[in-house]
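The structure appears right after this line, and notes come after that.
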Protein chains: 2
Amino acid sequence: MSIKAHSIKDIAAKANVSITTVSFILNGKAVERNISKAVIERVQGIVDASGYKPNQIARSLRTGNSQIIGLIVEDIANPFFAGIARLLEDKAYKKGYKIIYSSTENQAEKTRELINLFKSRQVDAYVIAPAQGAEADIKKIINDGKPVVLFDRYLPELDVNYVGVDNFDASYRAAKHFLAEGKRNLVLVTVDLDIEQIKEREAGFQTAVAESGLKKTASLVIKVPYGTSREDTITLLVDMLQQAPQTDAILFATNYLAISGLLAIKQTDKVINKDLSVIAYDDGDIFKLHTPQISALAQPLEEIADSIIKKVFEQLSAKAENTIEKTILPVKLVLR
Amino acid sequence: MSIKAHSIKDIAAKANVSITTVSFILNGKAVERNISKAVIERVQGIVDASGYKPNQIARSLRTGNSQIIGLIVEDIANPFFAGIARLLEDKAYKKGYKIIYSSTENQAEKTRELINLFKSRQVDAYVIAPAQGAEADIKKIINDGKPVVLFDRYLPELDVNYVGVDNFDASYRAAKHFLAEGKRNLVLVTVDLDIEQIKEREAGFQTAVAESGLKKTASLVIKVPYGTSREDTITLLVDMLQQAPQTDAILFATNYLAISGLLAIKQTDKVINKDLSVIAYDDGDIFKLHTPQISALAQPLEEIADSIIKKVFEQLSAKAENTIEKTILPVKLVLR
DNA sequence: CTGAAAGCGCTTACAG
DNA sequence: CTGAAAGCGCTTACAG
């Protein structure tokens, strides 16, 4: 039966030393403090035997840092964010950090709340896929001196670390690919959100079309209102396909739009790869398994997570000035 | 410009009252403490104007609870766990709780570590999809008196709250369905993990087959070793299909096996719904989008999350005795 | 080589 | 109606 020890005091009492000594040993400062080998071993032995773990809360209160990174995304159940969450978790864990997460549902109000909540929890760093309108709140935490890394969503007016992908280029290449295939009636199915990411996805598409010299009318941009249910989206897209039967290529600007879109196409007599080329943003098993397989613009999850965590720890260790940096990673066009 | 206030002391000073008074007002105990209306309003005004938020860490240290629920799963990026995580987050948030998560990769060792880490962070409750071998560690936190709810994975030797689904019944019904379709060469593709959940999935299948009076040899159970890569799994399943060409129905015991399995079937000349019926555990868009659509055994995510959170808060409010309860929810067989 | 003591920011039993 | 003070479990500057 091991001796229960609930606090550093118990350990100190058992070892007949002060809590100061125990604390130094626990924090690996025994050598620098010239604590005798005998004492170190005695204390360490008691700590091991008792299974004592320092109370992180007390430590946090004293030191001001929590070893926790706050992660704020739109929806943790979204495969993109879930994937990032997992990778961040792994990488943070290796450095002794844990992750606390929350979903904003793309609401600035909720984002503000979460930031405040995280602040009161003394998180050491923030990783945020921000909703529009959260600029002021994010500015505040930056001013607090805490590391902040934004990702996925770009907020142009904020001078802060950002990790994202080159959406313009991705859409541009997708559209170019359609054109090279000989397609002439391209459609972009996108969402009506006024966020940089989405705007760039449209701009890249439009630019490629413009460069091709196609008449404007030959290309079409459908903006599905944010929050439209899956059924309504499908109805809307089926209608579109019927009204524009000449459509021969579709780029879906988001993953969930692609899923609705594929379900919509199933309801028509259009055959993918025969009547219609399709490319979807954000790759997943779902596109690999689809018959036929669907080409996709794959965000480099691993690289994104790497860049985020690298930035976070750079800032946490605060070596040199905190150089603000925008990292733009390339999207991979996976043709199938 | 609002007045910055970093601690309760600042507020107290500004309002010319003691921190005691501020604390009571902040915690809604003003009335019960008979604090004058004038003071309440003055303090509240200052709090609002300054944007002051109490330091949760200090509060935790003092009160012993953190308003944090620890979530331990195999892999937060797995859609099932990500979905549960999201639902738990929502429900917990409404009660002022946040979630901290970690992935175990199904290792008991990692589970132990995480439990200790969470303990040192003073989480108020644990929600765990446990790895085999974590029994002793889970027993410890139960003895600490913290609410613990296990889900997904069942640990028979532990007398603890559990929320899961009726895996036996689900497999049983799936196999019965195959038999009712006239299928006579059923295969179960499962994983070689020695966990209750998986064992039940096999038992339900075998029982249905046995009841049908089919010769044993007519049914086949393939156990893919845990951790086999997707490619190797596919190879293995393609081989199986070639060696047992009479196979006319396959039940996949996990989501990822189904995905590998569907990819494997694509490599053969078998046509689903013509040569072969397929049912997969854990529904998802991926099966709805597949051509043809794949029938699935859908876990009731929402109900699972509901049951978990209900149990957690029941125990947190500790009304009555902590009645240990096993909740077994039915799986829905979605035929397509 | 080691320890007493202050202090992180709260909550709350006690006193008036 | 309100406040002084103890204490949650640590870390660390200071002293010897």
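Just so we're on the same page: letters track the sequence lines, and every chain starts at 1.
Rounded to the nearest 0.5 Å, atoms CD1 (I68(A)) and CD1 (I99(A)) are 9.5 Å apart.
Listed by chain and number, the residues in a side chain to side chain contact (heavy atoms under 4.5 Å, CB included) with N55(A) are I57(A), A58(A), L61(B), Q122(B) (sequence neighbours excluded). Residues satisfying the salt bridge (Lys or Arg N to Asp or Glu O under 4.0 Å) test with E109(A), not counting sequence neighbours, are R112(A). Partners of D75(B) under the salt bridge (Lys or Arg N to Asp or Glu O under 4.0 Å) rule, at least two apart in sequence or in another chain, are R86(A). Remark: E302(A) engages K91(A) in a side-chain hydrogen bond (donor to acceptor under 3.5 Å, both in side chains) (not counting sequence neighbours). Judged as a side-chain hydrogen bond (donor to acceptor under 3.5 Å, both in side chains), and not counting sequence neighbours, the contacts of S103(A) are E89(B). Residues passing the side-chain hydrogen bond (donor to acceptor under 3.5 Å, both in side chains) test with T111(B), sequence neighbours excluded: none. In this structure, the side-chain hydrogen bond (donor to acceptor under 3.5 Å, both in side chains) partners of Q197(B), at least two apart in sequence or on a different chain, are D152(B), R153(B).
Chain B approaches DNA chain C over the interval dG9(C) to dC14(C), counting the first and last nucleotide 5' to 3' with an atom under 4.0 Å from its heavy atoms.
A side-chain donor from one of Q315(B) and N161(B) sits under 3.5 Å from a side-chain acceptor of the other. For the residue pair T20(B) / S23(B), no side-chain donor-acceptor distance below 3.5 Å is found, with atom types taken as modelled.
Ring-centre distance between F313(A) and Y97(A): below the 6.0 Å cut-off.
Applying the salt bridge (Lys or Arg N to Asp or Glu O under 4.0 Å) test to every pair with at least one member in residues 115-136 of chain A, sequence neighbours left out, gives these pairs: K119(A)-D144(A).
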Base-pair map of DNA chain D as dot-bracket, where | denotes pairing with a different strand and pairs are Watson-Crick or G-U under 3.5 Å: |||.||||||||.|||
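A heavy atom closer than 4.0 Å to some atom of DNA chain D occurs in N34(B), I35(B), S36(B), V39(B), these being the qualifying members of residues 34-43 of chain B. Within residues 16-24 of chain B, the residues that place at least one heavy atom under 4.0 Å from DNA chain C are, in residue-number order, I19(B), T20(B), S23(B), F24(B).
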